[in-house]
Structure formats: C-alpha cells, structure tokens
2 protein chains.
Amino acid sequence: MPARTGRPPKISRADIVAAAHRVIEEDGVEGLTMRRLAREVGSTAMALYHHVRDKEELLLLLLDDYAAGMPRPQTLPEEPREQVIAVATAMRETLSGCPWIVDVLRADDLLSVGALWYPEKIIDAAVRAGLTTEEAVDAYRVIWHYTAGVIVGRAAARRRRAEGGTTYRERVFAELDAEEFPRLAELGRRWEELTAKDTYDKGLRALVAGLMPEENRWP
Amino acid sequence: MPARTGRPPKISRADIVAAAHRVIEEDGVEGLTMRRLAREVGSTAMALYHHVRDKEELLLLLLDDYAAGMPRPQTLPEEPREQVIAVATAMRETLSGCPWIVDVLRADDLLSVGALWYPEKIIDAAVRAGLTTEEAVDAYRVIWHYTAGVIVGRAAARRRRAEGGTTYRERVFAELDAEEFPRLAELGRRWEELTAKDTYDKGLRALVAGLMPEENRWP
DNA sequence: GTTACTTTCTATACATGTATAAAACTCTTC
DNA sequence: GAAGAGTTTTATACATGTATAGAAAGTAAC
C-alpha cells in the first residue's frame, strides 16, 4: 500500500539481469553492451542506469545469479582440511565457468550474496580445524586471493593462446641471457609446456597445510 | 648498413614509453589516454599504434621499464625458503607500487623482461631447496598466482574504500540469514575490520612451507 | 628524374560506457 | 481538475580505444 508515486518503471533489475543472461548465451560476453542489452529489454541504454550503477555492478549481479544457481558439492568430506579443499575447488570451478568473472574479480575478498556459501563453509571448516575466528577469516582470504589469481591468470593464458600471441614470450626466452638468468635459460622453451599445467590443487593443498596445522587433528 | 627504407619515423617506442611516464607522473594513470600521450610526443593517437600493438602492450612496456628500474634486495637470506619469501615479498612490493599494474595482470605467469629477476631467483632458490626443476616452476607459478591475486584484491579494496562504497557490503552483512550463514553472521560487521589486514606474508609462508618440504633442510 | 616499393603518419569513423538535461508519467493535494 | 512533486525514461553529447584508408616521405631500380 505504500502506493509508489512517480512514473511507473517499465523495466526492473530482474528484467535486466535476465535479458543479460540471454544476450550472453546468444552472443557471448563480448556481445553484452549496454545498448544491446537495452534493445533486449526494449528500452534505451541510459534507462538501464536507473537500475544499475554501472556495467561492473551489472556483471556482479550476473555473477551473483550465476553463482547462486550453480550446483554445490552434495557431500563434503568430514575432515575439515579436506572440506576446505573441496569447497575451494568447487568455488574455483564455478567461477572459472563464467567468462565475465575476470572483469569482476577486482571486487576483492567477498563475492556477492549468491556466493556466500563458499566463504561460510571454508571459515566454518577452518574453525572446526582449530583456528580462531580471526585466523579462519585470514585463511579464507588467503585462499580467496590465491583462487582469484589462478582464475585471472589462466583466463589470460587461454586468451593469449587463442590469439596465437606466443611470439613475444618465445622471443623473450630465446634471447635470455644465460649468465644473468641461468635457471630460466635452462628451461628454455619448455616454459610454455610447463606453465600449461593446472597447479591449482597443488597450491591449494600447500596453503591448507600451511594455514591449518596438523596438531589438532580431526577428530 | 641495412639503410632502412620507408618514411623515417618521427617517434620511437622509447619516446612513447618515456612520454607515458611523464604523463602518469603529471596526471596519474587515469590521465594516460592515447590522445593525451600522442600530444605529449607531438604526434597523433593512431601513430602510436605503429609502435605499440594496443594500450595493454603499452602498459606492459611501462611496467617493464618500471620493474627494471626498481631497487632489488641487496642481500638475500641464504636459506632457500627464506630467500623465496624475501624475493616474493620484494616482487609484491614493487608491483603494488605501480597503479596501472591491475590492468596488466591479466598477463598471467610471467612478467616482462625487466622483471625476470624475480622468477629466476625464486626458481633458483626452490631448486636449491631440493625441488626438481618442474616442481620449482610449479612453486613459482603458485606463488605468482597468489601474489597477483593479492595485488588485485587489495587494489580493489583500496578503490572501494576511496569511493566510500562500503554500503553494499554493510547491507549484505546486515541482512545475513544467521541460519544459513552462521559463521558470517557471527562475524557481523567485523568483516570490514578483519579484511583490512594485510595477510600476504602469512599466506606466502604457508605456501612456501607447503611447497618446499622441510626434509632436505638447508644444510 | 621517374617509377615502384616500403614504412610511418594523418584523417576520419565507429562502438562503447556514461554524464547531463529534458521530457513523460503517476500520485497527492488542493 | 490543476498544480506540484517524485520517478523513470529518452535524447543528446562526450571521451575513449581502435579500425580503415590513404597521404607523406624516404630508398632502390631503371
């Protein structure tokens, strides 16, 4: 009954987000422009800005929607450290799956509401492993930073490979001064091959081992 | 004696990079536009594109220049694990110091030539700690991803704080469902305070401990 | 010197995100 | 029902990165 005054809205945030999903599905994330999106909802580009602060917020909403709808691991290992690993891995997989993530990841430690499940579970497991609340938050943030770095880095690598831009790198390694950089020179062009490997799990396990000491072992 | 043919160039890559440094010093990185840069070198925007593929490459060159000229730790700890930590910390400090880094970090595992010193030293120390070459590269990449994630994340946090955009986050935490997210709800608005902390070192040490086992201890 | 060729530079154009101002629409109050 | 107030939408405009086409300025061949 508050009976809103003012011109009645033609579109809503939800409309916009839904339309954005359609556009992305149809034309990919690079096809998602404000004008195209406006056409999709039957309005003008600037009208969108009354429902969304800027494009970055739109992408965040999109991510929220996406993350909220993603399947989560049904059964988690009971042992806290293994549970952290399982949740972080799921988080990474979910986020890697949406291509516009890279433009949003500048949004530091916390994701949107729809993705809160991940920090909750990680912090919970960390506490159960014997950390204080503060330590658990630290652990989560460290894991988050690592995960974000991996996602961004690997997205960049994929893009570079797609563009065939290996040349610059090859040149760098070809012209390496073996005096100054013996290790890198020795690696030579095996670098490309070695860095194609997915080392997320390796780093994650190292982090968990280092952050959550064995002492208070479960149970 | 190759006696180059064609119209003689009026500007060079080096000119451009130098001018870019001046512009950044004067107007900050947000003032660095192709047109402004062109004016600074006394040419047109499009002329730049004969010396630089795109703006991202320009930023990479800039970073290269910057990183090459940065002071490096004069004396490193001899113990390999401590050395890795010292080098990674220096890398992080150097990179955090240049504000445009965030727009470049999508360039995954390796930086530009001027910054090769860091991977070289880290890989070297890792090998001396007893890792195989492959393992050492893995270790470097893991550390790199973590470092990149921290840099991007903290830059975003700083920006958000500067814009006073805490509101969205506060709302999220205020409306948290304590049933679904007990840990986060318990944290309440301490989140802001807890996540202001710099946990780079903590995570770095965890990584190093996890990646470079104690067994083959130095000596 | 004229022609061909190569490289660099200039002019123009376009798509994009978004600022700003004005217009349209609805409810409330008289 | 006319005037006012509050919202949302539209129109227009601008800065930005960059594509494209062609002009300018040099060397090499004749």
Side-chain angles (χ1 to χ4, degrees), chain A residues 1-20 23-24 26-63 99-100 102-104 106-107 159 163 165, chain B residues 1-20 23-24 26-63 99-100 102-104 106-107 159 163 165:
Chain A
M1 354 251 135
R4 313 276 308 117
T5 173
R7 176 171 178 167
K10 239 167 63 176
I11 57 180
S12 71
R13 245 166 122 106
D15 291 341
I16 294 177
V17 172
V23 171
I24 284 186
E26 206 173 311
D27 295 354
V29 67
E30 73 280 0
L32 183 69
T33 72
M34 298 307 269
R35 287 164 172 77
R36 170 91 174 72
L37 183 53
R39 215 180 327 133
E40 187 80 19
V41 295
S43 186
T44 69
M46 289 313 295
L48 303 175
Y49 284 84
H50 270 255
H51 306 265
V52 151
R53 181 155 43 126
D54 52 17
K55 191 174 180 182
E56 191 172 322
E57 185 178 281
L58 172 68
L59 291 177
L60 202 80
L61 289 174
L62 226 50
L63 175 62
W100 66 94
V102 181
D103 302 309
V104 169
R106 324 165 136 228
R159 194 186 47 157
E163 289 175 2
Chain B
M1 30 210 107
R4 312 277 306 122
T5 171
R7 178 173 176 168
K10 237 167 66 177
I11 58 180
S12 71
R13 245 166 122 106
D15 292 340
I16 294 177
V17 172
V23 171
I24 284 186
E26 205 172 311
D27 295 353
V29 66
E30 73 280 0
L32 182 69
T33 72
M34 299 306 269
R35 288 166 173 78
R36 169 92 174 74
L37 183 54
R39 213 179 331 130
E40 187 80 21
V41 296
S43 186
T44 69
M46 289 313 295
L48 303 176
Y49 284 83
H50 270 255
H51 305 265
V52 152
R53 181 153 45 124
D54 51 18
K55 192 174 180 183
E56 192 173 320
E57 184 178 281
L58 172 68
L59 292 176
L60 202 79
L61 289 174
L62 226 49
L63 175 63
W100 66 94
V102 182
D103 301 310
V104 169
R106 323 164 136 228
R159 196 187 45 159
E163 288 175 3

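Below, chain A is the first sequence line, B the second, and so on; all start at residue 1.
- Of the candidate nucleotides dT9(D), dG26(D), dT18(D), dT9(D) has the atom lying nearest to any side-chain atom of I11(A).
- In terms of position on DNA chain D, the residue among H50(B) and G6(B) whose nearest nucleotide sits closer to the 5' end is H50(B).
- In this structure, NZ on K55(A) lies 6.5 Å from OG1 on T33(A), to the nearest 0.5 angstrom.
- At least one donor-acceptor pair closer than 3.5 Å links the side chain of R13(A) to the backbone N or O of H51(A).
- Closest approach of D54(B) to V52(B), counting heavy atoms only: O-CG1, 3.0 Å.
- Summarising the geometry, the separation between CD1 on I16(B) and P on dT8(C) is reported as 11 Å, rounded to the nearest angstrom.
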Please walk me through it: do E30(B) and R159(B) pass salt bridge (charged side-chain N to carboxylate O under 4.0 Å, His left out)? CA-CA 13 Å; E30(B) 73 280 0; R159(B) 196 187 45 159; over 6 Å; no
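- Closest to the side chain of K55(A), from the set dG17(C), dT7(C), dC27(C), is dG17(C).
- The CG atom of L58(A) sits 14 Å away from the C1' atom of dT18(C) (whole-angstrom rounding).
- Here K10(B) reaches the OP1 or OP2 of dT10(C): one of its side-chain N or O atoms lies under 4.0 Å away.
- In the region residues 26-39 of chain B, proximity to DNA chain C at under 4.0 angstrom, judged on heavy atoms, holds for R35(B).
- Atom-to-atom, CG of L48(B) to P of dT16(D) comes out at 14 Å; the value is rounded to the nearest Å.
- Side-chain nitrogen and oxygen atoms of T44(A) include none within less than 4.0 Å of the OP1 or OP2 phosphate oxygen of dA11(D).
- For the pair Y49(A) OH and dA19(C) C1', the interatomic distance rounds to 10 Å; values are reported in whole Å.
- Of all nucleotides listed (dG17(C), dA19(D), dG6(D)), dA19(D) comes nearest to the side chain of M46(B).
- Taking atom CZ of R53(B) as the reference point, atom C1' of dT18(D) lies 13 Å away to the nearest angstrom.
- Here the P atom of nucleotide dG17(C) and the CG atom of D103(A) are 11 Å apart, to the nearest Å.
- Checking D54(B) against S12(A), the closest nucleotide of DNA chain D that is more toward the 5' end is the one next to S12(A).
- Among the nucleotides dA23(C), dG26(D), dT18(C), the one closest to any side-chain atom of P8(B) is dG26(D).
- Using a cutoff of 4.0 Å between basic side-chain nitrogens and carboxylate oxygens, E26(A) and R39(A) are not scored as salt-bridged.
- The distance from atom CZ of R7(A) to atom C1' of dT7(D) is 9 Å, rounded to the nearest whole Å.
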I would like to know whether L58(B) and L37(B) meet side-chain contact (heavy atoms from CB on, under 4.5 Å); could you show each step before the answer? CA-CA 11 Å; L58(B) 172 68; L37(B) 183 54; 3.5 Å; yes
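- At least one donor-acceptor pair closer than 3.5 Å links the side chain of W100(A) to the backbone N or O of L59(A).
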